[in-house]
Trainee: 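One structure is given below, represented as structure tokens, and several questions about it will come after.
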Protein chains: 2
Amino acid sequence: MPSDTRERLIDAGAELFWRQGYVATGVKQIVTTASAPFGSMYHFFPGGKEQLGAEAVRRSGAAYGELVPLFFDTAADVVSATLSLFGGAADTLRDTDWADACPIATVALEVSNTSEPLRQACADVFESWLELLGERFRAAGIAPDRAREVAIVLVALLEGAFVLARAMRTTEPVLAAGRAAVAEVERALSPDAG
Amino acid sequence: MPSDTRERLIDAGAELFWRQGYVATGVKQIVTTASAPFGSMYHFFPGGKEQLGAEAVRRSGAAYGELVPLFFDTAADVVSATLSLFGGAADTLRDTDWADACPIATVALEVSNTSEPLRQACADVFESWLELLGERFRAAGIAPDRAREVAIVLVALLEGAFVLARAMRTTEPVLAAGRAAVAEVERALSPDAG
DNA sequence: TGGCCTCTAGATTGATCGCTCTAGCGATAC
DNA sequence: GTATCGCTAGAGCGATCAATCTAGAGGCCA
């Protein structure tokens, strides 16, 4: 069985990196938050903060990816699923004081040119989301290449809207992005129009 | 006349925050890069790193905003301007080793919940971009409310595509976002179709 | 010349950074 | 019993953090 302390360290790291970013989060703070002994940190993660960071990113990514079935399995179709995905994101953002946005976007931008393992972890997470979403769009009858493109546009709209919304403290960008995402999905569903 | 040293400090800060983010950039590094005396830093910016950061963000934002007339004045219409804007962004990103993306996005995410002055500076910059773009879309005949929404969608697509592209090391998201941006602009130009 | 003010110059502060180190606890194996 | 191993525990390393401090250089005006 996996060590309990190790799990708690990853969870604490994921939470803190989400909220504060990678650079601003100290190892000591992670250890304290996890109620773990400091020595265990480097026992379980000989690669140090970077290794813990990579595992935390992957865990956050997997958790966030579970939102895809949550929204797309309950909705009537991919259009309404897309709409409620953005609507839910806007509500969550506002209700959490503009904190609960993408758990890895800040880290992704921070480390993109400074840590290859972390950059790779972020890339893998994004790719997994694209695959999860692409699958849904293919199931809705959209051709594979087009399905991937729609998935990319959807994720880009969400990530970009998060950046704007968190800075400007308004849900306006998320709602506008949601309408654009719906339009993109509809456009892919009926490629003849336009 | 404005002090030369002060100007150099802001420029150096803007450059470093762009490349490394706000948290990862040290005051000492800014001073060294600017070839400025350390004492001058706190003479010109009694508010410290935070004050310099806010001014650097506004300067970067203004410089980046100049891309709007650059692309929209030379293009035949707003659609081709949008297309070349994303195309240019993709080329630049690839040619600079995925470094030259949005100069303030990393900072915006980093400080959104930790520094109100910096958050405000980022919000002001985004708002200025939305105004610059909205103006162009209004001039193209799009109703004011709709023009703002198109501007938001365009910026969100670009910011989100940057996040994906920098992590995944491919221009694919920027190009896909560009096509979606073009579709959004076209949709706004002919609201009857669809 | 003397006084004032802006800016330069960098040593220094206390705190925190990521990380290494030794020491020892407790359970299992023989 | 005792040797081994996984894990706990935290003191302490050198480096770096943002920021403060004193000291003085140089221009401007009287």
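Chain identifiers are assigned alphabetically (A, B, ...) following the order of the sequence lines, protein sequences preceding nucleic acid strands; residue numbering begins at 1 within each chain.
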Trainee: Take the protein atom CZ of A/Phe38 and the nucleotide atom C1' of C/dT16, then report the distance between them rounded to whole Å.
Mentor: 12 Å

Trainee: Check the distance between C/dC7's P and B/His43's NE2 and give it to me in whole angstrom.
Mentor: 4 Å

Trainee: Can you tell me how far apart CH2 (A/Trp129) and CD (A/Glu159) are? Round to the nearest 0.5 Å.
Mentor: 5.5 Å

Trainee: If I take atom CZ in residue B/Arg6 and atom P in nucleotide C/dT8, what distance separates them, rounded to the nearest angstrom?
Mentor: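 Nearest whole value for this atom pair: 12 Å.
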
Trainee: Do A/Leu189 and A/Asp77 touch side chain to side chain, with heavy atoms closer than 4.5 Å?
Mentor: no

Trainee: Using heavy atoms to find the nearest nucleotide of DNA chain D for A/Thr5 and B/Gly26 separately, return the residue whose nucleotide is more 5′.
Mentor: A/Thr5

Trainee: Both B/Pro37 and A/Ala24 contact DNA chain C. Which one's nearest nucleotide lies toward the 5' end?
Mentor: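 Looking at the nearest nucleotide for each, B/Pro37 comes out on the 5' side.
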
Trainee: Angle class for the A/Phe17/A/Tyr22 ring planes (parallel below 30°, perpendicular above 60°, tilted otherwise)?
Mentor: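 The rings of A/Phe17 and A/Tyr22 sit tilted, inter-plane angle from 30° to 60°.
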
Trainee: Salt bridge check, B/Arg119 against B/Glu110: does any charged N sit closer than 4.0 Å to a carboxylate O?
Mentor: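 The answer is no: the pair does not qualify as a salt bridge.
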
Trainee: Nearest whole Å is fine: how far is C/dA15 P from B/Lys49 NZ?
Mentor: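 The distance from NZ of B/Lys49 to P of C/dA15 comes to 19 Å, rounded to the nearest Å.
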
Trainee: Does B/Ser40 place a side-chain N or O at less than 4.0 Å from the phosphate oxygens OP1/OP2 of C/dC7?
Mentor: no

Trainee: Any base atoms under 4.0 Å from A/Gly39, or only sugar-phosphate, or nothing? Heavy atoms, all strands.
Mentor: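 Base contact.
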
Trainee: Round to the nearest Å and state the distance from B/Tyr42 atom OH to C/dA9 atom P.
Mentor: 18 Å

Trainee: To the nearest angstrom, how far is B/Met41 atom CE from D/dA18 atom P?
Mentor: 9 Å

Trainee: To the nearest Å, give me how far apart CG (A/Leu9) and P (D/dG6) are.
Mentor: 18 Å

Trainee: Between P on D/dC5 and CZ on A/Phe44, what's the gap in Å once rounded to a whole number?
Mentor: 17 Å

